[in-house]
Enquirer: 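The structure follows.
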Amino acid sequence: MNYDAMFQSALDGLRADGSYRYFAELERRSGNFPKAYHHGLGRDVTVWCSNDYLGMGQHPEVLKAMHDALDETGAGAGGTRNISGTNHYHVELEKELASLHGKESALLFNSGYLSNWVTLGTIAGRLRNCVVLSDELNHASMIEGIRHSRAEKQIFRHNDVEDLERRLKELPADVPKIIAFESVYSMDGDIAPIEAFCDLADKYGAMTYLDEVHAVGMYGDHGAGVAEKLGLSHRLTVIEGTLGKGYGVVGGYIAASAPLCDFVRSFGSGFIFSTALPPMIAAGALASVRYLKRSSAEREGQQRAVAYLRAALDKAGIPHVGNPSHIVPVMVGEAELCRDLSDELLNRFGHYIQPINFPTVPRGTERLRLTPTPLHTNEAIDELVEALSTLWRERQLKRSEAA
């Protein structure tokens, strides 16, 4: 058996349909974001697709906290949380996250992916006869957690309150139920009807599981996400978030009741058997959460940049998806063209935007996903839109009617 030939054949298929993933070798330089050194090109480029949404990855308070903790505690945690790996910074961060979301408790994970996978897999898998009702556009980590649980699952139409209620009605009242959904969906940037889903949960005796990874740090008076902005945090059973996007570090977490968090801590194998985050990481995340609880300048700056970019795209006739979030998808609609536009933007104009193709998005909806930050200036936005406009003109691509 020639196994490498099998692997290569599958990879050739990805290349043929334009969905093969190329990684840009970037070197982020503190104090220079959103610029980064591109090792392939040998020069700086402007990054437009970073998930460091507020630039907190280079914030002085975050860096100082990490430097101090590194000097105090060393490089690693020294073990799993269960065996010698629980550091004071882990405990303080969990307390801060619980407070942020108005919950009794919180539990820290090594990534947002892990927090979804472990929590949904553990709760749904250990509650007898549990049924998970999952939005059809939920993240892969949620899907994998539900699959791992082996619980019955029903997939409801995206953000469709009526379809969800129809499914809930058909389930016995005494069956445990989890409604799993996201607040901000990362590819289209739309926002779930959180209040309506909470109403259905109350009506039919279901738990709610809200993934806020693309919202924490960026929405609400204290950065606790869309649920805080809407005054709904108290109605949600589990709020899951990340420390690797708005907070600019790395890690994931859940915030919920004390019994629920302890249940996942005690039965979740992905938590129990994972080496704990380095204390310096927890210290940096703690500093970022505390800073964004009291500072709204970064959130306001991001909102200004998003509004300016949308207006500039409209004026130039560059088609993009309208939504109430910070995610600006520029629609292309064809995989090879999407890759070509990305390459041209990078090589000719120095703008790095990763193309988003299948399977991340359905075929025919390929896009360039822009996430402007408070550190993207109006001048930089004008330069990007001019570059896009040039490519649209050269390739005679369809423009939006707003132009």
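Along the sequence shown, residues carry numbers from 1.
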Enquirer: Does some side-chain heavy atom of Ser105 sit less than 4.5 Å from a side-chain heavy atom of Leu107?
Expert: no
Enquirer: Do Lys35 and Val47 pass the side chain to side chain contact (heavy atoms under 4.5 Å, CB included) test, and can you show the C-alpha distance, the side-chain angles, and the key distance before you say yes or no?
Expert: CA-CA 6 Å; Lys35 296 285 187 179; Val47 179; over 6 Å; no
Enquirer: Tell me whether Arg81 contacts the main-chain N or O of His90 through its side chain, where contact means a donor paired with an acceptor under 3.5 Å.
Expert: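 Such a contact is absent between Arg81 side chain and His90 backbone.
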Enquirer: Quick check on the 6.0 Å ring-centre criterion: do Tyr185 and His139 meet it?
Expert: no
Enquirer: State plainly whether the residues Lys229 and Glu212 are in salt-bridge range, i.e. N to O under 4.0 Å.
Expert: no
Enquirer: Walk me through it: do Asp188 and Arg367 pass the test salt bridge (Lys or Arg N to Asp or Glu O under 4.0 Å)?
Expert: CA-CA 10 Å; Asp188 290 331; Arg367 66 200 64 188; 2.5 Å; yes
Enquirer: Taking the six-membered ring of Tyr20, is NZ or CZ of Arg15 closer than 6.0 Å to its centre and within 45° of its axis?
Expert: yes
Enquirer: Looking at Arg339 and Glu336, does any basic side-chain N land under 4.0 Å from a carboxylate oxygen?
Expert: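 Looking at Glu336 together with Arg339, the answer is no, because their closest N to O distance does not fall below 4.0 Å.
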Enquirer: Is the shortest distance from a Lys or Arg side-chain nitrogen in Glu170 or Arg166 to a carboxylate oxygen in the other one below 4.0 Å?
Expert: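 Yes, charged N to carboxylate O under 4.0 Å.
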Enquirer: Which pair of non-hydrogen atoms, one from Asp135 and one from Arg157, has the smallest distance, and what is that distance?
Expert: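 In this case the closest contact between Asp135 and Arg157 is OD2-O, 4.2 Å.
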Enquirer: Passes side chain to side chain contact (heavy atoms under 4.5 Å, CB included), Ile254 versus Leu260? Steps please.
Expert: CA-CA 10 Å; Ile254 60 168; Leu260 189 150; 4.2 Å; yes
Enquirer: The test is salt bridge (Lys or Arg N to Asp or Glu O under 4.0 Å); show your working for Glu96 and Arg290 and say whether it passes.
Expert: CA-CA 8 Å; Glu96 193 69 39; Arg290 285 176 172 169; 3.0 Å; yes
Enquirer: How about Phe156 and Phe197: are their ring centres within less than 6.0 Å of each other?
Expert: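 Yes, close enough.
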Enquirer: Quick one, Asp314 with Arg310, criterion salt bridge (Lys or Arg N to Asp or Glu O under 4.0 Å). Give me CA distance, side-chain angles, the key distance, then yes/no.
Expert: CA-CA 6 Å; Asp314 285 339; Arg310 288 190 182 280; over 6 Å; no
Enquirer: Does Lys293 come within less than 4.0 Å of Asp221, counting only side-chain N to carboxylate O?
Expert: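 Salt bridge between Lys293 and Asp221, a charged N being under 4.0 Å from a carboxylate O: no.
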Enquirer: Determine whether more than 12 heavy atoms belonging to other residues, nucleotides or ligands lie under 6.0 Å from atom NE2 of His222.
Expert: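 Not buried by this count: 12 neighbours or fewer within 6.0 Å.
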Enquirer: Might you work through the side chain to side chain contact (heavy atoms under 4.5 Å, CB included) test for Glu344 and Arg395, ending with a clear yes or no?
Expert: CA-CA 12 Å; Glu344 287 282 283; Arg395 293 170 180 259; 3.7 Å; yes
Enquirer: Please round to the nearest 0.5 Å and tell me the distance separating atom CG of Leu41 and atom CD of Glu25.
Expert: 11.0 Å
Enquirer: What heavy-atom pair brings Gly57 and Leu63 nearest, and what distance separates the two atoms?
Expert: O-CD2, 3.7 Å
Enquirer: State, with a plain yes or no, whether a side-chain heavy atom of Leu164 is found less than 4.5 Å away from one of Val161.
Expert: no
Enquirer: Run through Gln302, Lys245, Arg299, His214 and flag the one making a side-chain hydrogen bond (donor to acceptor under 3.5 Å, both in side chains) with Tyr53.
Expert: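 Filter result, single survivor: His214.
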Enquirer: Do Tyr219 and His326 have ring centres separated by under 6.0 Å?
Expert: yes
Enquirer: Decide salt bridge (Lys or Arg N to Asp or Glu O under 4.0 Å) for Arg294 and Glu61; before the verdict, give the C-alpha distance in whole Å, the side-chain angles of both, and the deciding distance to 0.1 Å.
Expert: CA-CA 13 Å; Arg294 68 177 188 269; Glu61 291 192 24; 2.8 Å; yes
Enquirer: For a quick test of reading the model, state the closest non-hydrogen atom pair linking Asn32 to Gln58 and the distance between them.
Expert: N-OE1, 3.4 Å
Enquirer: Heavy-atom count check: over 12 atoms from other residues, nucleotides or ligands less than 6.0 Å from Gln396 CD?
Expert: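 At most 12 heavy atoms, drawn from other residues, nucleotides or ligands, come within 6.0 Å of this atom.
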Enquirer: Under 4.0 Å between a side-chain nitrogen and a carboxylate oxygen: does that hold for Arg363 and Asp17?
Expert: yes
Enquirer: Does Ala258 offer a backbone N or O that forms a donor-acceptor pair with the side chain of Glu104 under 3.5 Å?
Expert: yes
Enquirer: Flag the pair Trp48 / Thr371 as yes when at least one side-chain heavy-atom distance between them is below 4.5 Å, and no otherwise.
Expert: no
Enquirer: Check Glu94 with Lys103, please: is the shortest side-chain N to carboxylate O separation under 4.0 Å?
Expert: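 Salt bridge: no.
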Enquirer: Is Lys153 atom NZ crowded by more than 12 heavy atoms from other residues, nucleotides or ligands, each under 6.0 Å away?
Expert: no
Enquirer: Aromatic contact between Tyr253 and Phe109, with the criterion being ring centroids under 6.0 Å apart: yes or no?
Expert: no
Enquirer: Minimum heavy-atom separation for Glu334 and Leu337, please, with both atom names.
Expert: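 So the two residues come closest at OE1-N, 2.7 Å.
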Enquirer: In terms of ring plane angle, is the pair Phe349 and His351 parallel, tilted or perpendicular, where the classes change at 30° and 60°?
Expert: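 Phe349 vs His351 ring planes: parallel.
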Enquirer: What distance separates Asp160 CG from Arg167 CZ, expressed to the nearest 0.5 Å?
Expert: 9.5 Å
